[in-house]
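Residues: numbered from 1 along the sequence shown. Keep in mind it's a predicted model, so treat the numbers as computed, not measured.
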Amino acid sequence: MPSPTIRRRAYPVLLLAMALAGGCASTRPGVPPGGRPVPPPPTAPASADQPAPPESAGPATPGSVPASTTTPRADLRHVFPVRAGNVAYHKTHSGYPATDIFADCGEPVVAVTDGTILEVSRVDRFDKRGPLGPNNGGLSVSLLGDDGVRYYGSHLSAIAGGVDAGVRVRAGQKLGEVGRTGNANNVCHLHFGISPRCSGQDGWWIRRGVVWPARYLDSWRKGGNRGPASEVSTWQRRHGCPKAP
């Protein structure tokens, strides 16, 4: 689905404004590569903090979708998670490894790779009075890639129809739209986290991100296919599945 034509914006100014406003939950603004946004290559369609409980299913249940019994695929295609011509993102993120991808509200958020939807939050339950953490993400989607990696995107303005737990999706398929729900401080962006899935012991502190995404985003934006499966597996061997932040 082609992205609508958008008006160029000076995202470094937006990042400074966000720094003054307090950032995304626990976010520290960074500088996009090269000092200004670089559009994704035309041949590689650009392709997600803590989901609230699904609207129709009560509290989020990470174990509701069975873990794959097949060997994770190492040959998967990966794409950038936002399909837009004007995008900037952080190299760093305070508090924990993740990133914020800045684009206009309404731009398509897509599946990074082939996989199965784990969780969907279609209701924004964030309340700045607390509790902070579980509901910071607002509208969100969690995808378990066929590479064994979980990809999490939040602060969405909308979730695409048919995107529900257990549904199979393909790389580049639309999952939702960039927004500013949850603890986004009224700034349009996508919180993007990479983590392992810890069935039966999971929590928002894992789902929000445990490895730095920038090196993978850099690759995907240029049409490369660098995957995080090895780094995520190494992290899980070292840390297991922490039961608390």
Is R170 salt-bridged to D146, cutoff N-O under 4.0 Å? no
Please determine, by modelled atom types, if R207 and S195 share a side-chain donor-acceptor pair under 3.5 angstrom. no
Mind telling me whether Y151 and F192 have parallel, tilted or perpendicular rings, with 30° and 60° as the class edges? parallel
So, do Q236 and C198 sit near enough that their side-chain heavy atoms are less than 4.5 Å apart? yes
For the pair D147 (side chain) and A229 (backbone), establish whether a donor and an acceptor sit closer than 3.5 Å, ignoring hydrogens and angles. no
Measure across C188 and V178 and return the closest heavy-atom pair with its distance rounded to 0.1 Å. C-CG1, 4.1 Å
With distance as the sole test, does W220 use its side chain to make a donor-acceptor pair with the main-chain N or O of V112 at under 3.5 Å? no
How about N86 and D104: do any of their side-chain heavy atoms sit closer than 4.5 Å? no
Least distance between heavy atoms, A88 atom then R221 atom: N-NH2, 4.4 Å
After noting the C-alpha distance and the side-chain angles of F102 and H90, does the key distance pass the ring-ring contact (aromatic ring centres under 6.0 Å, His included) rule? CA-CA 9 Å; F102 294 88; H90 290 278; 5.2 Å; yes
So do the side chains of K91 and W212 get within less than 4.5 Å of each other, counting heavy atoms only? no
So, D100 versus H155: side-chain donor-acceptor pair below 3.5 Å or not? no
If we only count heavy atoms from C-beta on, is the I194 to V232 side-chain gap below 4.5 Å? yes
Y216 vs H78 side-chain heavy atoms within contact, under 4.5 Å: no
Separation between NE2 (H239) and CD1 (I206), nearest 0.5 Å, reads 11.0 Å
Report the C-alpha distance between I117 and V141 in whole Å, list the side-chain angles of each, state the deciding distance to 0.1 Å, and finish with yes or no for side-chain contact (heavy atoms from CB on, under 4.5 Å). CA-CA 7 Å; I117 300 298; V141 177; 3.9 Å; yes
Taking N136 for the side chain and F126 for the main chain, is one N or O donor matched with an acceptor at less than 3.5 Å? no
Please check if the side chain of T181 supplies one atom and the backbone of L156 the other of a donor-acceptor pair under 3.5 Å. yes
Nearest atoms (heavy-atom pairs only) where L76 meets N225: O-ND2, 2.7 Å
For a 4.5 angstrom cut-off between non-hydrogen side-chain atoms, does I159 reach L175? no
Taking the side chain as everything from C-beta on, heavy atoms only, tell me whether N135 gets closer than 4.5 Å to D127. no
To check you understand the geometry: which heavy-atom pair defines the closest contact between P131 and P134, and what is its length? O-CD, 4.0 Å
Is it true that D164 and R122 have a side-chain N and a carboxylate O under 4.0 angstrom from each other? yes
Any donor-acceptor N/O pair, R197 side chain to R150 backbone, under 3.5 Å: no
Rounding to 0.5 Å, atoms OG (S199) and CG (L144) come to a distance of 8.0 Å
Can you tell me how far CZ of R208 sits from CH2 of W204, rounded to the nearest 0.5 angstrom? 5.0 Å
Heavy-atom nearest pair, A98 first then H93, reads O-CB, 3.2 Å
Between T113 and R77 (side chain of the first, backbone of the second, donor and acceptor by atom type, cut-off under 3.5 Å), is there such a pair? yes
Sub-3.5 Å donor-acceptor pair from the side chain of S219 to the main-chain atoms of R226, do we have one? yes
Between atom CG of L139 and atom CG of D124, what is the distance when rounded to the nearest 0.5 Å? 6.5 Å
Correct closest heavy-atom pair for S154 and G137 would be CB-O, 3.4 Å
pair P108-E177: side-chain heavy atoms closer than 4.5 Å: no
Distance-only, no hydrogens or angles: does the S121 side chain make a donor-acceptor pair with backbone N or O of G138 under 3.5 Å? yes
Audit row: S157, R180, side-chain contact (heavy atoms from CB on, under 4.5 Å) steps and yes/no: CA-CA 6 Å; S157 60; R180 52 191 177 191; over 6 Å; no
